[in-house]
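Every chain is numbered from 1 and lettered A, B, ... according to where its sequence line falls, protein lines coming before strand lines.
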Protein chains: 2
Amino acid sequence: MTLDQIFADLRRQGTTVRHAETGSWAAEVLRERISAGQLVPGTKLSEEPLCDLLGVSRNTLREAFATLAIEHMVARIPNRGVFVARPTADDIREIYRVRRFLEPAALLWSTSPTTDALHAAIERARQARSRGSVADMAGANQDFHAGVVALAGSEGLSRQMAQVLAEMRLVFHSMVADPLFHAPYVDENAGILERFEAGEHSEAAALMVEYLERAERQLLEAHARA
Amino acid sequence: MTLDQIFADLRRQGTTVRHAETGSWAAEVLRERISAGQLVPGTKLSEEPLCDLLGVSRNTLREAFATLAIEHMVARIPNRGVFVARPTADDIREIYRVRRFLEPAALLWSTSPTTDALHAAIERARQARSRGSVADMAGANQDFHAGVVALAGSEGLSRQMAQVLAEMRLVFHSMVADPLFHAPYVDENAGILERFEAGEHSEAAALMVEYLERAERQLLEAHARA
DNA sequence: CCTTGTGGGATTGTTCAACAATTCGGTAGG
DNA sequence: CCTACCGAATTGTTGAACAATCCCACAAGG
């Protein structure tokens with residue numbers, strides 16, 4: 001798909017952006033398109049065409065690039081341009097290194113007992129599974145794990161988890177995803193939540209570690225094949 | 001101290017920056033000045049004067065601001081300008097929320113057994129204490145805690161820890177620091193490291209939690225007084 | 001045939017100057 | 001004393017220009 005098609009809808013609807021937020025608006029649009037997989041990892045984001053498509057100046061677009069580069073959504077190579085980030089095997093290992101710290105720690109030491117969001121995420125994952133919608137299942141699964149870290153009640157930790165999950169989406173988009181990858185994990189999440197709510201926090205954390213180690217192996221394997 | 005004095009040294013030395021890194025260079029200069037406490041929290045960073053002082057254009061300076069805003073080193077208020085961040089009591093609580101997860105988790109689950117950097121940091125802290133240098137003691141203390149998180153071997157976690165410690169420096173700069181604040185913690189760090197190296201990881205983690213909770217209380221108290 | 005410059009063209013990095021939008025301080029009027 | 005409004009100052013955004021760098025095709029030489 002060409003860039004013109006990806007951003008065609010922007011020109012249709014009135015894209016009047018208020019003063020003092022054009023840069024972050026552009027970043028948001030790009031981030032959304034990358035997360036949705038419309039912009040495939042490795043795609044070069046040339047400045048001039050994108051300026052026309054987004055209707056912003058080069059300076060403003062570059063401000064958006066600076067934001068996305070810090071979030072690891074794009075890779076900036078000096079004098080060569082910015083590209084949609086293409087995670088390496090090392091990136092995958094780093095992602096799970098972070099997750100293996102954040103998620104078990106949240107299960108062990110979280111104070112917030114409000115698990116409504118977690119139940120809701122599991123329910124949505126189950127419905128998506130019975131519907132056969134892989135994308136929705138993946139999304140609900142990510143919401144569950146983001147919700148686990150959110151138990152910690154820390155904006156900063158949730159922010160880092162959100163960034164890691166965004167990189168996860170890039171990983172999925174950069175290789176042919178096994179449609180059944182997420183399916184078995186749905187019930188496993190439910191089991192972890194059950195233990196957690198029963199007050200067996202260390203058991204829940206141990207299950208989570210096992211979960212993450214298995215997912216990492218599986219993902220690295222798939223990455224090596226691709 | 002005026003801005004002109006703070007940035008006077010830049011004009012003296014040749015400040016020729018290579019192509020394709022002027023923006024990050026400006027960010028680095030500002031970050032350094034803020035961390036060192038030369039730019040007091042709350043200071044307004046007006047664009048035009050700073051452009052002259054740094055010798056960069058407004059666009060480039062704004063790129064630097066975007067970076068620093070994400071790192072929470074400056075606060076950007078739309079249409080009003082950017083200010084050196086002034087941490088609130090809630091910010092302090094958030095800082096320690098993150099630290100209480102990252103540091104004990106690193107002690108519990110770290111794989112890397114290389115503790116050389118931690119010993120070095122403690123040694124530097126002891127020398128600074130006997131020298132009576134509060135600033136060096138604080139710096140060495142921060143190096144120790146950054147080193148603890150570095151045990152996790154994760155670039156992302158170390159990065160977040162570095163950001164949190166930078167915010168800590170802002171906290172210290174935004175209030176009259178008790179010269180003896182860091183003194184008792186030096187030996188405590190040594191004790192934690194001892195337990196860790198003896199393989200008693202959960203004891204080390206427990207000591208760390210205690211340490212952090214006490215430091216947070218003390219800091220919040222001092223913040224309330226100021 | 002393969003390497004090794006070596007141009008020119010395209011793209012990125014940076015600056016500058018202008019204009020639009022917003023805030024802030026002061027001031028006239030009630 | 002309070003309110004509304006005006007204008008100066010500052011920020012947000014744009015477009016054009018120039019400098020620096022990379023690329024790619026192509027020619028010269030081994």
Under 3.5 Å, N/O pairs linking protein and nucleotides 23-25 of chain D:
| residue | atom | partner | partner atom | Å |
| --- | --- | --- | --- | --- |
| D/dC23 | OP1 | A/Arg80 | NE | 2.6 |
| D/dC23 | OP1 | A/Arg80 | NH1 | 3.2 |
| D/dC23 | OP1 | A/Arg80 | NH2 | 3.3 |

query = Does C/dG13 have OP1 or OP2 sitting under 4.0 Å from an N or O in the side chain of B/Thr22?
reply = no
request  = Starting from P on D/dA9, measure out to NZ on B/Lys44 and report it in whole angstrom.
outcome  = 13 Å
request  = Indicate yes or no: does B/Arg124 engage B/Asp136 in a salt bridge with an N to O separation below 4.0 Å.
outcome  = no
query = Is any side-chain N or O of A/Ser46 closer than 4.0 Å to OP1 or OP2 of C/dT11?
reply = no
If you restrict it to nitrogen or oxygen atoms, what contacts under 3.5 Å exist between nucleotides 16-18 of chain D and the protein, and what is each distance?
| residue | atom | partner | partner atom | Å |
| --- | --- | --- | --- | --- |
| D/dA17 | N6 | A/Arg58 | NH1 | 3.4 |

query = Backbone N or O of B/Arg169 within a donor-acceptor pair of the B/His173 side chain at under 3.5 Å?
reply = yes
task = Identify, residue by residue, the members of residues 61-69 of chain A with a heavy atom below 4.0 Å from DNA chain D, and return them in order of residue number, or none.
result = none
ask   = In chain order, what residues pass the ring-ring contact (aromatic ring centres under 6.0 Å, His included) check against A/Tyr185, with sequence neighbours excluded?
value = A/Phe181, A/Tyr211
key: Separation of D/dT10 P from B/Glu47 CD (nearest whole Å)   = 11 Å
remark   = In this structure, CZ of A/Arg76 is separated from OG of B/Ser24 (nearest 0.5 Å) by 9.0 Å
key: Flag side-chain contact, heavy atom, 4.5 Å: A/Val148 against A/Met208   = yes
message = Between the side chains of B/Arg99 and B/Glu216, is the shortest nitrogen-to-carboxylate-oxygen separation below 4.0 Å, so that they form an ion pair?
response = no
message = Once salt bridge (charged side-chain N to carboxylate O under 4.0 Å, His left out) is applied, do any residues pair with A/Asp91, and if so which ones, sequence neighbours excluded?
response = none
query = Hey, does the side chain of A/Glu94 reach the backbone of B/Gly156 with a donor-acceptor pair shorter than 3.5 angstrom?
reply = yes
query = A/Glu48 CD to D/dT14 C1': how many Å, rounded?
reply = 14 Å
ask   = Within this structure, what is the CD-to-P distance between B/Glu21 and D/dA20, rounded to whole angstrom?
value = 14 Å
task = Mind jotting down which residue pairs meet the ring-ring contact (aromatic ring centres under 6.0 Å, His included) criterion with at least one end in residues 43-64 of chain B? Sequence neighbours excluded, please.
result = none
message = Tell me whether the count of non-hydrogen atoms from other residues, nucleotides or ligands lying under 6.0 Å of CD in A/Glu155 goes above 12.
response = no
message = What is the separation between atom CG on A/Asn79 and atom C1' on C/dA10, rounded to the nearest whole Å?
response = 13 Å
message = Using whole Å, what does the distance between atom C1' of nucleotide D/dG12 and atom CD1 of B/Ile77 come to?
response = 15 Å
inquiry  = With a cut-off of less than 4.0 Å, is there a side-chain N or O of B/Thr60 near OP1 or OP2 of C/dG13?
reply    = no
inquiry  = Using whole Å, what does the distance between atom P of nucleotide D/dT10 and atom CZ of B/Arg76 come to?
reply    = 17 Å
inquiry  = Under the criterion side chain to side chain donor-acceptor pair (under 3.5 Å), I'd like the reasoning laid out for A/Arg86 against A/Ser174: C-alpha separation, chi angles, the key distance, then a yes or no.
reply    = CA-CA 7 Å; A/Arg86 172 155 41 195; A/Ser174 64; over 6 Å; no
